[in-house]
Amino acid sequence: MSTNGASAPAPLGLLAELTHRCPLGCPYCSNPLALDPRSDELDAATWARVFREASALGVLQVHLSGGEPAARRDLPEIVKAARDANLYSNLITSAVGLTAEGLSKLADAGLDHVQISIQDSEPASADHIAGYKGASARKHALAAEVVRLGLPLTVNVVVHRANIARVEAMVEMALALGATRVEIAHVQYYGWALKNRAALMPSRAQVEEAVGIVERLRQAHRGRIVIDAVIPDYYARFPKPCVGGWGRRSLNVTPAGRVLPCHAAEVIPGLEFWNVRAHTLADIWRSSPAFEAFRGTDWMQEPCKSCALKEKDFGGCRCQAFLLAGDARAADPVCHLSPHHATVERLAGERADAAYAYRHS
Ligand code: FES
């Protein structure tokens, strides 16, 4: 099936990157290497309009993200705007820079859900990975406040070589914090993580062991906590249906208002992104060149074009295809059928105990 914007399904989720400012410096940060400056950030009134337009378009959930969204003093106003637009709001926070009082204001404004990222179960390692002394203690304190206020809590764990041996301890930690869901996400190698790839890459043996542990924990904790986990790209045989398929499920609005089909889309040269300052969200979703570029299946080449899975994985990740194969229309090289798959295997083997290049604001 090919799809163009006019017949595209309604998006379900909007990722609102409220700011790129962040006190942490995680070496796998998903923000781009060139960060939007504070002076370019959309104001709260524009976010409120974007939320109304998103709701009218069919969006159900807004993820308030960053950088660190709490770096915005007008965050309660933005949360209220999401509520007024009938969107389910999920705050994705590092928990650093958000006080108990600040959280309580967000709850009063109508916040529905909180997601806190943790870097490791060992505090010293967690602070080292975050590049921020005392980060781990603050995360524990804020998680307790989330639970005390009766808000549902998800703990987000990004796994890589320095912490993969403690997957079990991190799941136990999420349970102890009162989370109802834990997301175990292996590092995705774009942006800052690509820069730090050799320092972050686990070995195949480590990944296989972690996958087995997660499966055991899923069974052991069924009914107590939901464990979401995805196999890391570089050790998979098939690619992931990145963002649920380009222009099918979600939109990502940058702090300065550019609307992207995925958080990393700006790495692909030649794409034209429209801005909410100049267009409605509905226009952008249906007609903007960047969303149209890889929607449906007409853009595919072999081996994707004749693949039985093309409507399931949509050829994998366009950004990864560009970054590893130099062609955003190529099959994601993670796929074992890709002519570039050997590159992925070679890169997975390039591991070095180098110091992190921390992301900086
Ligand atoms: Fe852009 Fe996967 S991150 S399509």
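Index from 1, following the sequence. Order of listing sets the numbers, starting from 1, for every ligand and every atom in it.
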TODO: Could you list the atoms of ligand 1 found under 4.0 angstrom from a heavy atom of Cys242?
DONE: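 So the answer, numbered in order with elements, is 2 (Fe), 3 (S), 4 (S).
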- [ ] Enumerate the atoms of ligand 1 whose separation from the nearest heavy atom of Cys262 is less than 4.0 angstrom.
- [x]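 Per the distance check, 1 (Fe), 3 (S), 4 (S).
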Task: Heteroatom test (N, O or S) for Cys317 near atom 1 (Fe) of ligand 1, limit 2.8 Å - done: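 No - counting backbone and side chain alike, Cys317 has no N, O or S atom under 2.8 Å.
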Open item on the list: With respect to atom 1 (Fe) of ligand 1, please indicate if His263 possesses an N, O or S atom at a distance under 2.8 Å.
Closed with: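 So His263 does not count as coordinating atom 1 (Fe) of ligand 1.
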Task: More than 12 heavy atoms from other groups under 6.0 Å of CZ on Arg249 - done: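 Atom CZ in Arg249 is not packed in, count stays at 12 or less.
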Open item on the list: Would you say CD of Glu209 has more than 12 non-hydrogen atoms from neighbouring residues, nucleotides or ligands within 6.0 angstrom?
Closed with: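 Not buried by this count: 12 neighbours or fewer within 6.0 Å.
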- [ ] Would you please indicate yes or no on a ring centroid separation below 6.0 angstrom for Tyr28 and Trp192?
- [x]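 No - the distance between ring centres of Trp192 and Tyr28 does not fall below the 6.0 Å cut-off.
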TODO: Please report which non-hydrogen protein atom sits nearest to atom 4 (S) of ligand 1, along with the residue it belongs to and the distance in Å to one decimal place.
DONE: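 The closest one turns out to be Arg318 N, 3.4 Å.
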Open item on the list: Check the orientation of Trp47 and Phe51. Use parallel for under 30°, tilted for 30 to 60°, and perpendicular for over 60°.
Closed with: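 Aromatic pair Trp47/Phe51 classed tilted.
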Task: Identified side-chain hydrogen bond (donor to acceptor under 3.5 Å, both in side chains) partner of Gln219 from the options Arg216, Arg222, His221 - done: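 Result: among Arg216, Arg222, His221, Arg222 is the only option passing the side-chain hydrogen bond (donor to acceptor under 3.5 Å, both in side chains) with Gln219.
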